[in-house]
2 protein chains.
Amino acid sequence: MLKTQRQPPDAELREMARYFYALKDILRLRILVTLGDREMTVTELAQELRISQPLVSFHLRPLRVLGLVQVRRVGREVFYSVNVAEIQRRQDEFMNLLTRAKI
Amino acid sequence: MLKTQRQPPDAELREMARYFYALKDILRLRILVTLGDREMTVTELAQELRISQPLVSFHLRPLRVLGLVQVRRVGREVFYSVNVAEIQRRQDEFMNLLTRAKI
DNA sequence: CCGTTTAATAAAAGCCTGTTTATATATTAG
DNA sequence: CTAATATATAAACAGGCTTTTATTAAACGG
């Protein structure tokens, strides 16, 4: 019998699709790269990227929900920064899925 | 003066967004994982995943265009397999973008 | 309190995408 | 050459998403 790879459960693939979905947009990548420089508030991000504040909030949401960015509230300002560790973790998880040892 | 990160050119981010866009779908991830097991034809993939042949072809296209899967034609059958090296390369490229050394 | 600032959410509009169904293209068998 | 098989592409439909505009919520300053 041929060795066959265990198929990952649907939930795992769905979660991974959500991760890639959160990164599929060039605006989101710009946000991440900009935040890779330094922690910034929503308004600062909007100015730097020349887009409206609601649009920044709209794109920050999935990044925040998935834990790809970290949030720190100070007064009425909200500082965002990249969560490199969490991103690295998900990247590793993906590569493991593709190269998983055969059973 | 504060150290500031060089902003990657738009083309680079657009290409990276295309990469994530190609992976944002659970069906595409299922295709990749299934192909991670062994080389398969389009028809085999359709049967294994219980979806129509045109839908498989539709999802294979962006993966093929970006070089995430490899193609080998034999007669009228087309065998697809995962290009792990290319995927790894893009993953590394992304992490470099996020953690690029400050200037 | 009251006005101002910061960020998130809601509503509306226009656009794009995934899926199905149908068709075209290429290769093989007879 | 004709029929059959394998794959890719086209057309059409349905549903969802991004963006803008407007509003709400929360926190601060006077």
Side-chain angles (χ1 to χ4, degrees), chain A residues 10 13-35 38-83, chain B residues 10 13-35 38-83:
Chain A
D10 232 51
L13 286 185
R14 236 182 292 114
E15 179 62 21
M16 195 149 291
R18 281 181 71 212
Y19 166 68
F20 289 123
Y21 190 91
L23 299 177
K24 78 174 176 157
D25 193 291
I26 188 170
L27 264 184
R28 302 213 183 131
L29 294 182
R30 266 204 269 266
I31 288 174
L32 282 184
V33 169
T34 304
L35 291 180
R38 62 182 177 86
E39 202 185 39
M40 291 176 86
T41 69
V42 175
T43 300
E44 283 175 325
L45 267 175
Q47 290 171 343
E48 177 87 15
L49 301 176
R50 291 150 205 243
I51 57 181
S52 69
Q53 173 267 312
L55 190 52
V56 174
S57 287
F58 173 82
H59 285 295
L60 277 174
R61 179 143 86 155
L63 299 176
R64 171 173 18 96
V65 169
L66 293 180
L68 309 186
V69 295
Q70 284 164 326
V71 191
R72 187 171 65 96
R73 172 154 220 139
V74 179
R76 40 190 173 187
E77 292 182 317
V78 178
F79 289 84
Y80 281 89
S81 58
V82 179
N83 188 348
Chain B
D10 232 52
L13 285 185
R14 235 181 294 114
E15 179 62 21
M16 195 150 291
R18 282 180 72 212
Y19 166 68
F20 288 122
Y21 191 91
L23 299 176
K24 74 169 181 176
D25 193 292
I26 188 170
L27 264 184
R28 301 211 183 133
L29 295 181
R30 265 204 270 267
I31 288 175
L32 282 183
V33 169
T34 304
L35 291 180
R38 62 182 178 87
E39 201 185 37
M40 289 176 85
T41 68
V42 175
T43 300
E44 282 175 327
L45 268 174
Q47 290 172 343
E48 177 87 14
L49 301 175
R50 290 150 206 244
I51 58 182
S52 69
Q53 174 267 312
L55 191 52
V56 174
S57 287
F58 173 82
H59 285 296
L60 278 173
R61 177 143 89 157
L63 299 176
R64 172 175 15 100
V65 169
L66 293 180
L68 309 185
V69 295
Q70 284 163 328
V71 192
R72 185 172 67 95
R73 172 156 219 137
V74 178
R76 43 189 171 190
E77 292 182 317
V78 177
F79 288 84
Y80 281 89
S81 59
V82 179
N83 188 348

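Heavy atoms only: backbone and side chains are in, while hydrogens, waters and symmetry mates are out.
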What's the [atom1]-[atom2] distance between [X] and [N], to the nearest Å?
| X | N | atom1 | atom2 | answer |
| --- | --- | --- | --- | --- |
| A/Arg28 | D/dC17 | CZ | P | 10 Å |
| A/Ile51 | D/dT20 | CD1 | P | 9 Å |
| B/Met40 | D/dA6 | CE | P | 14 Å |
| B/Leu45 | D/dT7 | CG | P | 9 Å |
| A/Arg72 | C/dT6 | CZ | P | 16 Å |
| A/Leu55 | C/dT9 | CG | P | 15 Å |
| A/Ile31 | C/dA7 | CD1 | P | 13 Å |

Need to verify one output field. Residue with the more 5' nearest nucleotide on DNA chain D, A/Gly75 or A/His59?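 Its nearest nucleotide being more 5', the pick is A/His59.
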
Which nucleotide in the set D/dT19, C/dT6, C/dG18 lies at the smallest distance from any side-chain heavy atom of A/Phe58?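 Among D/dT19, C/dT6, C/dG18, the one nearest the side chain of A/Phe58 is D/dT19.
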
Can a side chain N or O of [X] be found less than 4.0 Å away from OP1 or OP2 on [N]?
| X | N | answer |
| --- | --- | --- |
| A/Arg73 | C/dT6 | no |
| A/Arg61 | C/dA8 | no |
| A/Tyr80 | C/dA8 | yes |

I would like to know whether B/Asp25 and B/Leu29 meet side-chain contact (heavy atoms from CB on, under 4.5 Å); could you show each step before the answer? CA-CA 6 Å; B/Asp25 193 292; B/Leu29 295 181; over 6 Å; no

Describe the nucleic acid contact of A/Gln53 in one word from base, sugar-phosphate, nothing, applying a heavy-atom distance below 4.0 Å.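 Base contact.
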
Just checking B/Phe79: base, sugar-phosphate only, or nothing, at a heavy-atom cut-off of under 4.0 Å?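 Result for B/Phe79 = nothing.
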
Candidate list A/Arg72, A/Met40, A/Arg64, A/Glu44, test side-chain contact (heavy atoms from CB on, under 4.5 Å), partner A/Tyr80, passing option: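 Result: among A/Arg72, A/Met40, A/Arg64, A/Glu44, A/Arg64 is the only option passing the side-chain contact (heavy atoms from CB on, under 4.5 Å) with A/Tyr80.
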
Does any donor-acceptor pair link the side chain of B/Arg76 with the base of C/dT27 at a separation under 3.5 Å?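 Flag set: donor-acceptor pair detected.
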
Can you list, in residue-number order, the parts of residues 13-27 of chain A that come under 4.0 Å of DNA chain D, counting heavy atoms only?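 Under 4.0 Å from DNA chain D: A/Tyr21, A/Lys24, A/Leu27.
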
Quick one: are B/Val42 and B/Gln53 in side-chain contact, heavy atoms under 4.5 Å?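 Yes, their side chains come closer than 4.5 Å.
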
